[in-house]
Protein chains: 2
Amino acid sequence: MRATIADVARQAGVSKTTVSRVLNTRADVDASTAARVREVIDALGYVPSSGAVGLARGSSRTIAMLTPPLTWPWMGEVLQGVADTVEAAGYGLLLFSCNRGADSVRHFTGQVSARAFDGLLVIEPENTLGTIAEMYRKGLPVVLIDDRGRHPAFPSVATTNREGGASAARHLLDSGRTKPLVLTGRRDFGCVRDRLAGFSGVLPTDLVVEGEFTEESGRHGVERALAQGRDFDCVFAHNDLIAAGALRALRETGRTVPDDIAVVGFDDLPIARHTEPPLTTVRQPMRQMGETAARLLLTGLGGETLPAVPVVLPTELVVRRSAPCP
Amino acid sequence: MRATIADVARQAGVSKTTVSRVLNTRADVDASTAARVREVIDALGYVPSSGAVGLARGSSRTIAMLTPPLTWPWMGEVLQGVADTVEAAGYGLLLFSCNRGADSVRHFTGQVSARAFDGLLVIEPENTLGTIAEMYRKGLPVVLIDDRGRHPAFPSVATTNREGGASAARHLLDSGRTKPLVLTGRRDFGCVRDRLAGFSGVLPTDLVVEGEFTEESGRHGVERALAQGRDFDCVFAHNDLIAAGALRALRETGRTVPDDIAVVGFDDLPIARHTEPPLTTVRQPMRQMGETAARLLLTGLGGETLPAVPVVLPTELVVRRSAPCP
DNA sequence: CTGAAAGCGCTTACAG
DNA sequence: CTGAAAGCGCTTACAG
């Protein structure tokens, strides 16, 4: 049988109260008593049951994370940032990937009602923002990662999508490009609108193709633009997968990158270093966003009020061969 | 204040025992009583506190997953398979990524001792196998995903690494290739030894370069072999990143794939479809491995004894242009 | 078919 | 500085 606080108390010849006190390093415990209790704790290998502590204290020291499919290319980075931070704080991390539709959401809301965790980190809700907002209103601490530009009523961590788009445009403009083809993700994403607005502010264009955040989409976007005889000397892709597809389509139709056409992506996924040629791209600090969001939530759980304004982390232009410096 | 079982009991005019019974759909409850209780439950939006249930029942209905860095390319697939399965069973998924060394391990063992979860899924322990084995011996249900060929004393889910290597060799041999260059990952991984053994059994070679599971490693492997004037007409890379690096090095040194040199990878990562040319590779069913392992663990928690032999899922050769059919 | 009571393993006023 | 007792919100023999 595993040891309980009662076992420790008995063997140390004190009350459970006292054991609890040394466990939680409260003051007001005689040094020698404390030492004796600690000895017994070590001897018995006693560790308080997290369930019992949680019940008694009314908190679980666990954080939940709600995510879109875990197979998204930058998911691992965010998750790692979150996991490291949460773990370092001694909290548990409960993962909910809303991957099975309504059933997933039901399971998740159930766990919220069951008070299975103290706070929630959310990425890209996609149709769940209403549910989340409801939970937040009822008192669940929530921090959003990447708010898709909706700037809802909760604390959030975002990145400079607009400035990122602008930096891509400036870089292209500086290298003498003036006729861009822009390949976006779905327009209902706030980040897409922001990246586009930032880019257009510097380098206006009417050659914008809306698509998905996939390689295929990038390929088709370029193929279609070429087929229509549109004239462009550079491509701004809204993520690196799109950019990779664009690179491929350009190569297959005999264009040289960057001589004929320069290409800039977004995200700085691992593949960006390995495309042909390596991709110039706007880096999103995904891991840092995960860390920041987790730290923010943890702070909130500590009782502090969280900033009403999104915490915005800067993007960074990473220059490689697909769009070199002028 | 959120409703408790006592509130429900009071409003329904029954005892907490009865409420508990209808909650857990035990028989022996009068139909009309049960209906009344259910009404109150709905009216109050009552959901049992998972913490309290856990304490009373001595189990948390939570599973933990211990992983290497979450940024590994196929991690998302495995995790998604696990998450979907665990979630569908109504369990929670607690994530531990041992990414901060000894401190991570300490945090993790703490949670084990605190009984924070009922069972454990493990990928690639890397120096933690001893700790895990100890926990398993003390009664923690554990299922290993990809046992690196060590076949330890616990239930595990693996894939046919050996046969996968053999299938790559057969495919190359069938297309008339006889002089392979093999680029492996670190030799202390069981999967590396298995893939190599399977390959060599069909297509013996002394041209084996040990490296890391990275693009750089693949590039350097090919460059070095070429620099040494070694003669080869195909490459078997132990994962797709290595293969991608090999493709690049071959292209940059003027070799044509597959005409001069055919290339086969391993894993079938998303990038495999987007390399130039698209990569023939041995597919590992990562998501299915995650699902299977989770299902296995869940079964074990249900009280059934788990198979002593690893559950082995088949690899599958996916043929693309880098090594086409003969 | 139903309920009073004990128990799960802790924490926390309260009293001394 | 320390402890007895109540309480966190459930489940589960046990008795009827």
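Throughout, protein chains are lettered first and strands after them, A, B, ... in sequence-line order, and every chain is numbered starting at 1. Just so we're clear, the structure is a prediction, and the values are computed from it rather than from any experiment. We use all heavy atoms of the structure for the numbers below, so side chains are in, but hydrogens, waters and symmetry mates are not.
Whole-Å rounding puts the B/Asp28 CG to D/dA15 C1' distance at 15 Å. Computed from coordinates, the A/Arg10 CZ to D/dG3 P distance equals 14 Å when rounded to whole Å. As a whole-Å value, the separation of A/Arg61 CZ from D/dC8 P is 22 Å. One interatomic measurement links the two molecules: CG of B/Leu44 to P of D/dG9, which rounds to 14 Å at whole-angstrom precision.
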For DNA chain C, the dot-bracket notation using Watson-Crick and G-U wobble pairs below 3.5 Å, [ ] for pseudoknot-type crossings and | for other-strand pairs, is |||.||||||||.|||
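Note: A/Phe154 and A/Tyr136 have perpendicular aromatic rings, judged against thresholds of 30 and 60 degrees for the angle between ring planes. Ring orientation note: the planes of A/Phe108 and A/Phe96 are nearly perpendicular, at an angle over 60° on the 30°/60° scale.
Of the side-chain N and O atoms in B/Thr18, none sit less than 4.0 angstrom from OP1 or OP2 of C/dT2. Taking side-chain N and O atoms only, B/Ser15 has no distance below 4.0 Å to OP1 or OP2 of C/dA4.
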Could you walk me through whether A/Asp7 and A/Gln11 pass the side chain to side chain donor-acceptor pair (under 3.5 Å) test, one step at a time?
CA-CA 6 Å; A/Asp7 299 326; A/Gln11 275 209 34; over 6 Å; no
Filtered N/O pairs between nucleotides 10-14 of chain D and protein, under 3.5 Å:
residue : atom : partner : partner atom : Å
D/dC10  : OP1  : B/Tyr46 : OH           : 3.0
D/dC10  : OP1  : B/Ser49 : N            : 3.3
D/dC10  : OP2  : B/Ile5  : N            : 2.6
D/dC10  : OP2  : B/Tyr46 : OH           : 3.3
D/dC10  : O5'  : B/Tyr46 : OH           : 2.9
D/dC10  : N4   : B/Lys16 : NZ           : 3.2
D/dT11  : OP1  : B/Asn24 : ND2          : 3.2
D/dT11  : OP2  : B/Ser20 : OG           : 2.6
D/dT12  : OP2  : B/Arg26 : NH2          : 2.8
D/dT12  : O4   : B/Thr17 : OG1          : 3.2

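Residues A/Ser32 and A/Asp30 bring a donor and an acceptor atom of their side chains to less than 3.5 Å of each other. A donor-acceptor contact under 3.5 angstrom links the side chains of B/Ser104 and A/Glu87, judged on distance only.
B/Glu134 has a carboxylate O that lies under 4.0 Å from a charged side-chain N of B/Arg137, or vice versa, which qualifies the two as a salt bridge.
Mapping B/Gly13 and B/Leu55 onto DNA chain C by nearest heavy atom places B/Gly13 at the nucleotide closer to the 5' end.
Residues passing the side-chain hydrogen bond (donor to acceptor under 3.5 Å, both in side chains) test with B/Ser49: none are found, sequence neighbours excluded.
Side-chain atoms of A/Val14 and A/Val37, non-hydrogen and from C-beta on, do get closer than 4.5 Å to each other.
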